[in-house]
Amino acid sequence: MNSLSPDLRGDAAAIEAVLIVATEPVATSLLAELLEVSGERVEHVCASLSASYEEEERGFELARVAGGYRFQSHPAYRGHVERFVVDDAPQRLSPAALETLAIVAYKQPISRAQVAAIRGVNADGVIRVLQSRGYVEPVGRDGGPGQAVLFGTTQLFLERLGIDSTGDLPPLGQFVPDVSTVEALEHVLRTGPVPTADAEE
Amino acid sequence: MNSLSPDLRGDAAAIEAVLIVATEPVATSLLAELLEVSGERVEHVCASLSASYEEEERGFELARVAGGYRFQSHPAYRGHVERFVVDDAPQRLSPAALETLAIVAYKQPISRAQVAAIRGVNADGVIRVLQSRGYVEPVGRDGGPGQAVLFGTTQLFLERLGIDSTGDLPPLGQFVPDVSTVEALEHVLRTGPVPTADAEE
Amino acid sequence: MAYEVHIDVFDGPFDLLLRLIAAQQVDVYEVRLADIVDAFLTEMRRLGTLDLELATQFLLVAATLVELKCRRLLPGSGEVDLDDDLALFEARDYLLARLVECKTFSAAASVLALLERSAQRSLARRAGPDERFDRCAPDLLAGVTPEQLAAVAERAFAARPLEPSYVPYPSGEDVSVHATIEELVSSLPGRGRVSFRVLTAGAASPAHVVACFLALLELYKQSLVDLEQSETFGELTVVWSARGPVEPADVVSDAYDAAELEAASAGMAGRRVVPRAGSGRATPVGATVPQRTPGPTDAGGAR
């Protein structure tokens, strides 16, 4: 890190590591906590880092948005990025993605594991796509031991579907089991029948 | 971009811009198309860029994975990243799953029956798990009467292992037990346990 | 280190017992396997740790003993003779090859685990384009109506169809007799005389050969093929003998559940041996009934 003063390098690299994996802007306070330094220090390091990227004519920049920091592409390479986004993006949602979106829309807030239990297959990749498209977002955490992230649909989702709220979604015609019922069902399917009073007859 | 030679800087920055918005490894060919340069040029620029990050002790690195390039956090900052990302760690694979994955990786395309023949036990369940995790997928059908489904490893498998292609796996020959081990096994099978050196003397 | 057994008829290393039995110096009839297994388990529990090497050796010898004893106990099987002894040695060669292969892949698996672990020290960037590029990303929901989404949701929430019950071959391969019958019905006519060996030359596994054989028996039963075999274990010749064209569905629906056939031909339940529910058809010797889901097809099926 040539253009950065040596006393900043360690903290700067740690911030780079965190921001490269972050999908949302990371608040100064959270960075401070992770690095065990003060908020002022974080701001100082980030400002220096940002200036060094600019000076080194990098293709990315360290931007301060919404009270936090994030990596984003440099405006100078907007053309490349636009072409990439247009070329590379699948033109329609895959059936798996649409199914997952429907599940999230009707069952929100819902965790990845609960979506997987309903779909019968792992849904992590699909949820990531939906999240990167801005159709679903984390809306909270489960109270349970794992504190699983719970997902819900976004404003963009409502706009694209042309409705005002998820309450405007058509009601489902049939009885829809709640998530725990589906999980119990899934468990039974995997491990064999659970003896119940009914089954005894 | 101090540590990069000036003739590479423009292309390097464009690659940085594209990769910073990518959600999965971007193929060399796609980068070449976006930059309107040759694939060799892309590989050359990426290799130089990757080396410069390493030299500059950045918190991120440019990795070549699954036939493309991606940004990822530097292993040195694993602690910070782990504290930051709480729930994203995919589940570890069981020994049985890993062994099956190894068989598929080295012997692909391969049918369930052929995997079972090597492992000595039914492999259907394990293959189903690997398939639902997205590490193996059907790649064709056997020509024989039963037309068995043949499996191969996926792009995600390469990403998960952080390798460019299955050709990067160490050659299988290096895992074959050495002659003395085989002889010892044979001895045990035919006549009972091998007499130890002490017992001989 | 060998495990020693102490039973009425023998006192010494376990594998020696096997060799004495093979040499007919101890009658396998007199050996109570349950006692041996109990004693071994007690010993294992006493040791507190599992010695994998010892346990594996024990399993190998015990399994061989079980096999010998089965042969001795089953009516019609003679004394353990030299052929069996040779077969035992062949089995061991096979076992050796398998052990070597197993060791190879478990070593390879540990390298995969290492790669996985080292790859996990880095985390990939997954952020995607920021909001400045929202307008270039095509609207993936274009044309999707709330009603369509509701329909997809209903399908997703609907109970998944239960898997049909099935009995896999011991090899673990699911092979469809239906599919094989269909294939034979379409390929045999006009082919003249063809040997079973030729028919199964491309078979992927022994299970496929068995499926082909079962399929031929079914066709034979329905007088669609003639089978000729001039001597025991001799070449088996197959001739298509049906008059007029035959539809695969006509053949299969008699022996197997038609719904299963549909599923199989749609590629959904392909490569499974599905005994017709309630047919009382015996499961193949040695086949195991796996843990499976309860379903309507179970009503009168396997017990």
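Within every chain, numbering begins at 1; the chains are lettered A, B, ... in the order of the sequence lines, protein sequences first and strands thereafter.
Annotation for A/Val18 and B/Val81: closest pair N-CG2, 4.4 Å, computed over non-hydrogen atoms. Nearest heavy atoms, B/His80 versus A/Leu34: CD2-O, 3.5 Å. The two residues B/Ala17 and A/Ser73 come nearest to each other via the heavy atoms O-CB, 3.7 Å. Summarising the geometry of A/Ala13 relative to B/Tyr77, their closest heavy-atom pair is CB-OH, 3.1 Å, with the distance given to 0.1 Å. Smallest separation of non-hydrogen atoms from B/Gly59 and A/Glu16: N-OE1, 2.7 Å.
Neither the backbone nor the side chain of B/Ala76 comes within contact range of chain A; no heavy atoms are under 4.5 Å apart. Of the atoms belonging to B/Gln72, it is backbone heavy atoms, and not side-chain ones, that fall under 4.5 Å from chain A. When heavy atoms are compared at a cutoff of 4.5 Å, B/Glu36 approaches chain A solely by way of its side chain, counted from C-beta outward.
Between the CG atom in A/Leu35 and the CZ atom in B/Arg83 there is a gap of 8.0 Å [rounded to 0.5 Å]. Atoms NE2 and CD1, from A/His74 and B/Ile20 in turn, are 12.5 Å apart once rounded to the nearest 0.5 Å.
Between A/Phe60 and B/Phe60, the ring planes lie perpendicular to each other; the angle is over 60°, past the 30° to 60° tilted range.
Residues that satisfy the salt bridge (charged side-chain N to carboxylate O under 4.0 Å, His left out) test with B/Glu40, not counting sequence neighbours, are absent from this structure. For A/Glu43, the salt bridge (charged side-chain N to carboxylate O under 4.0 Å, His left out) partners two or more places apart in sequence, or in a different chain, are A/Arg64.
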Margin query: A/Phe84 vs B/Leu30, test: side chain to side chain contact (heavy atoms under 4.5 Å, CB included). Steps then yes/no.
Written below: CA-CA 8 Å; A/Phe84 171 70; B/Leu30 181 55; 3.8 Å; yes

Note to self: Applying ring-ring contact (aromatic ring centres under 6.0 Å, His included) to B/Phe71 and A/Phe71, what does each step give before you reach the verdict?
What the structure shows: CA-CA 11 Å; B/Phe71 275 120; A/Phe71 276 119; 7.6 Å; no

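In B/Asp7, the CG atom is crowded: over 12 heavy atoms of neighbouring residues, nucleotides or ligands sit closer than 6.0 Å.
By the 4.0 Å N-to-carboxylate-O rule, B/Glu24 lies too far from A/Arg128 to be salt-bridged with it.
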